Every structure is written in structure tokens, then in C-alpha cells.
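The structure displayed is predicted, hence computed values, not measured ones.
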Amino acid sequence: QLFSCLILLSSWDYRHTPPHPEPTLTPHCHASSSALHSCYFPFFSWLQTLDINVKAPALMTKAVVPEMEKRGGGSVVIVASIAAFSPLPGLSPYNVSKTALLGLTKTLAIELAPRNIRVNCLAPGLIKTSFSRMLWMDKEKEERMKETLQITRLGEPEDCAGIVSFLCSEDASYITGETVVVGGGTPSRL
């Protein structure tokens, strides 16, 4: 059923910022002894991150709504991050963009409910993907990360798949505007 469920996953990886006159930061910069402040991020990084992580899901949702309406409704699952609740040091644009997705979820849920379209959000914690590789490739770092979790293991993509499947299913037909955290017990309240 094309367009009955749209899963919106977007992330801007600072490591792949195109050449630009302003200096760029990599995600591992926060490991230095000096604290980074959000003003150290180049303006281009802020714009790029917000465009990809916030604007793109909003525009993609807008694009598929007419098709979902033709089919009598649907479900949108926006993928944010635990960083929306527990910001990661040194990643200000990323943290802010993922927090904005929580608001986008609530807003779209209200706006699209009359069209029988549900909008929910998934906020994964530390999941073993290529994006988070720098946090778990080194066994010592991985062990330190595990110590911060209630469930002392890193998440796997499969840990998120069942939640997304549920949110897209008829079993979740009375759920909209909610964020489900899959974070191994990481603090997750604003």
C-alpha cells in the first residue's frame, strides 16, 4: 500500500559538509577538553542541518498527503533522536533539529487528523548504525556508552523496526502526535 505509511528519516552528518569558506566541525570534536558552544558552528552547518532534518520531512509529508487522502488516510512516522531530549555535547544544530521534529510531529498530528492521517515520531537512542559508528567502534567507548544506559547494551536497528511497524499498523489507529523513545532507558523528557 504505497503512501499508506511514510517513514521520514533524515540526518545531516557534519563529516560530509561540502567545502565551504567557514571551518566545519566533526561530531567527535566534543571529546576535546575545551567546551564547544553553539556559536562555534558555522552558519552553513545550521542551515544545512535544519534543511535536511526539519524542512525535508515537512515538505515530504506535504507531498504525500494528497495521495494518502485519496486512499482514505495513512500514517506518518518521523524519526527524531534521543538528542531531542538529552542533547549531545558539541552537536548543537543536530540537537535543535531533532527537538524541532517533536514539535513538527505534534503540529502535523493536529493538522492532519481531520484527513484520517496519523503522525507519530520515533526517537532512537544509541543504535548501532553507520551514523553512530564513532561511538561504538572503539570497544572502550562502547563500554562507557553502555554504562549510561538502563539496559546495558547498544540498540540494534531491529529494536526500532517493530515500533515503526506498530505505529504504521491499524493496532495504532488511536495514536497520533506521540513520540516513542527507543533508548535503552536514556532520560527522555523535556
Side-chain angles (χ1 to χ4, degrees), residues 1-13 27 49-50 52-65 68 71-88 91 93-133 135-136 142 145-190:
Q1 289 189 5
L2 186 61
F3 295 121
S4 62
C5 184
L6 173 67
I7 303 163
L8 299 171
L9 170 64
S10 61
S11 267
W12 174 251
D13 188 338
T49 302
L50 293 172
I52 292 170
N53 290 359
V54 183
K55 193 177 185 182
L59 294 175
M60 288 174 63
T61 301
K62 181 181 177 184
V64 299
V65 163
M68 286 184 170
R71 296 169 182 269
S75 177
V76 175
V77 178
I78 295 173
V79 180
S81 167
I82 195 68
F85 299 102
S86 297
L88 303 168
L91 294 175
Y94 178 82
N95 299 332
V96 169
S97 72
K98 294 304 182 173
T99 304
L101 290 176
L102 306 182
L104 180 64
T105 299
K106 293 282 188 191
T107 301
L108 290 176
I110 292 166
E111 292 178 356
L112 299 178
R115 300 173 184 184
N116 197 33
I117 298 172
R118 296 177 294 107
V119 182
N120 291 293
C121 185
L122 172 74
L126 182 56
I127 306 295
K128 278 186 126 174
T129 64
S130 60
F131 184 73
S132 65
R133 180 177 42 242
L135 298 172
W136 54 264
E142 180 179 354
M145 296 303 293
K146 286 181 190 176
E147 289 172 9
T148 67
L149 304 172
Q150 300 296 319
I151 298 174
T152 55
R153 69 174 177 83
L154 301 185
E156 296 289 338
E158 295 78 11
D159 294 322
C160 296
I163 299 297
V164 171
S165 180
F166 167 71
L167 291 172
C168 290
S169 75
E170 284 303 310
D171 290 338
S173 66
Y174 199 58
I175 300 173
T176 194
E178 297 299 329
T179 297
V180 178
V181 176
V182 179
T186 305
S188 58
R189 292 293 161 240
L190 290 177

Query - Closest heavy-atom pair and its distance - Ala83, Thr99 - result: O-OG1, 4.3 Å

Report summary line: Taking every heavy atom of Leu88 against every heavy atom of Tyr94, the minimum-distance pair comes out as CD1-CE2, 4.2 Å

Report summary line: Interatomic distance, CD1@Ile117 vs OG1@Thr61, rounded to 0.5 Å, equals 9.0 Å

Report task. Compare all side-chain heavy atoms of Pro157 with those of Ile127 and state whether any distance is below 4.5 angstrom. Result -> yes

**Report entry** Euclidean distance, Lys128 NZ relative to Arg153 CZ, rounded to 0.5 Å
**Finding:** 10.5 Å

Report task. Apply side-chain hydrogen bond (donor to acceptor under 3.5 Å, both in side chains) to Arg115 and list each qualifying residue two or more places apart in sequence or on a separate chain. Result -> none

Query raised in the report: Nearest heavy-atom pair of Ala80 and Pro124: which atoms, and what distance?
Result: O-CD, 3.6 Å

**Report entry** Thr186 vs Val181 side-chain heavy atoms within contact, under 4.5 Å
**Finding:** no

Report task. Spell out, as yes or no, whether a donor-acceptor pair under 3.5 Å connects the side chain of Thr176 to the backbone of Val119. Result -> yes

Query raised in the report: Got a second to check how far Thr129's OG1 is from Glu156's CD, nearest 0.5 Å?
Result: 10.0 Å

Query raised in the report: With distance as the sole test, does Asp171 use its side chain to make a donor-acceptor pair with the main-chain N or O of Phe166 at under 3.5 Å?
Result: no

Query raised in the report: Between atom OG of Ser81 and atom CG of Asn95, what is the distance when rounded to the nearest 0.5 Å?
Result: 7.5 Å

Query raised in the report: Out of curiosity, Ser86 OG to Lys98 NZ, how far, rounded to the nearest 0.5 Å?
Result: 15.0 Å

Query raised in the report: Is there side-chain contact between Asn120 and Val180, with heavy atoms separated by less than 4.5 Å?
Result: no

In residues 104-113, what donor-acceptor pairs under 3.5 Å come from side-chain atoms, sequence neighbours left out?
residue: Thr105; atom: OG1; partner: Leu101; partner atom: O; Å: 2.8
residue: Lys106; atom: NZ; partner: Gly177; partner atom: O; Å: 2.9
residue: Thr107; atom: OG1; partner: Gly103; partner atom: O; Å: 3.0

Query raised in the report: Roughly how far, to the nearest 0.5 Å, is OG1 of Thr179 from CG of Leu167?
Result: 9.5 Å

